[in-house]
There are 2 protein chains.
Amino acid sequence: MTTVSNGVNVQALLDAREVLKNAPEAAQFVWRATSKWQHGVHSTSTVKEFYGLGEERAHRTEAVFDADHPEVFAAEDNGITPIEYLLVGLAACLTAGVASVAQNRGIQLRSVEATLEGKHDIRGILGVDPDVRNGFTDIKVTFTIDADASKADIEALVAQSQKRSAVFDALTNPTNVTVEVA
Amino acid sequence: MTTVSNGVNVQALLDAREVLKNAPEAAQFVWRATSKWQHGVHSTSTVKEFYGLGEERAHRTEAVFDADHPEVFAAEDNGITPIEYLLVGLAACLTAGVASVAQNRGIQLRSVEATLEGKHDIRGILGVDPDVRNGFTDIKVTFTIDADASKADIEALVAQSQKRSAVFDALTNPTNVTVEVA
């Protein structure tokens, strides 16, 4: 048995894996956000409720997020840009994965830091050149990890985190998005 | 000339489009985030600096974001889940687009609200079934817009917003993500 303490309840996750093998409908989650336009390109989004394990659920508190464009885009910079939220999600997802996999493999973590860079050619969104995509050109994530493990074991942790990351998948593979007007 | 006031400086964006036609290197932005693991699957990410129009820049203030897993995942729910950040970014990007396109088309907005639902089969991330993807199954966005415009014009606004949305593209098309250990 491992005696490491990264704070992840891996046993609960392993138990959930067993239970959900025979209950696929319980594994169907729905995550939600609502947003309100404020002024200009400034909007405020809230996240609280979600659905999972067969019933409606909620986070302990409602989270509120402002998004805007920076002053260099002639906006007011009342929050980070929408595309930067994708980097936040990716950083958090891969980091959670590193902690979970380390716990499962008996590796004690001391610190995990990540720096992310998303390259973006804004000629796409401005309509300058139809051959330039609107989103990121590419994203680079660099982890600095201090742990009781070899460099090879740390690299294997990060690789396994990518393999099971919801956000890594959402950014590297296409998702169907439907947009409707009520 | 339009007299609508949605708060978007469309002229500055149209001017930028003209300038960047002849200065593609100035259109190369780099968005950044850094994250630190806290405990369990809780991490804190910060966003402040970015690069664009040929130089280092920064938001007016540093933004800080907590991410965690909910209690139903045997975690502490110190923040929203990483994947929910993608919904926040998508809501904000499409809403900014609606405001910008409305301004450009002379349509006065009174209110713009969006509700987002991202379906997610968590058997993927738990490793229950290798045929289930890790990310969203699909995402649905529903706008409720009050504006001085017909339903058809409002639907056209939303369609054009999708066409120029950085986050819509990032979620519906694949991006190359490189993950390294320093």
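Letters go in sequence order (proteins before strands), and every chain restarts at 1.
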Under a 4.5 Å cutoff for heavy-atom pairs, which residue among [options] has the most contacts with chain B?
options                     : answer
A:A67, A:A16, A:A91         : A:A91
A:E18, A:H69, A:H42, A:K151 : A:K151
A:N9, A:T115, A:L20, A:I80  : A:I80
A:D66, A:L157, A:L126       : A:L126
A:H39, A:K21, A:K119        : A:H39

Is chain B contacted by the side chain of [X], its backbone, both, or neither, given a heavy-atom distance below 4.5 Å?
X      : answer
A:N78  : both
A:T81  : both
A:Q38  : neither
A:V128 : both

For B:N6 and B:L109, indicate whether the former's side chain and the latter's backbone hold a donor-acceptor pair under 3.5 Å.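 Yes: the side chain of B:N6 pairs with the backbone of B:L109.
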Taking the basic N atoms (NZ, or NE/NH1/NH2) and the acidic carboxylate oxygens, is any pair closer than 4.0 Å for B:E117 and A:R32? yes
Residues B:R110 and B:D148 bridged, charged N to O under 4.0 Å: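 Yes, charged N to carboxylate O under 4.0 Å.
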Residue pair [X] / [Y], side-chain donor-acceptor N/O under 3.5 Å:
X      : Y      : value
A:S43  : A:S35  : no
A:E113 : A:T144 : no
A:H59  : A:E49  : no

Centroid-centroid distance, B:F29 to A:F73, less than 6.0 Å: yes
Below 4.5 Å, heavy-atom pairs only: which of B:A75, B:A63, B:C93 has the largest tally toward chain A?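 Ranked by contacts with chain A, first place is B:C93.
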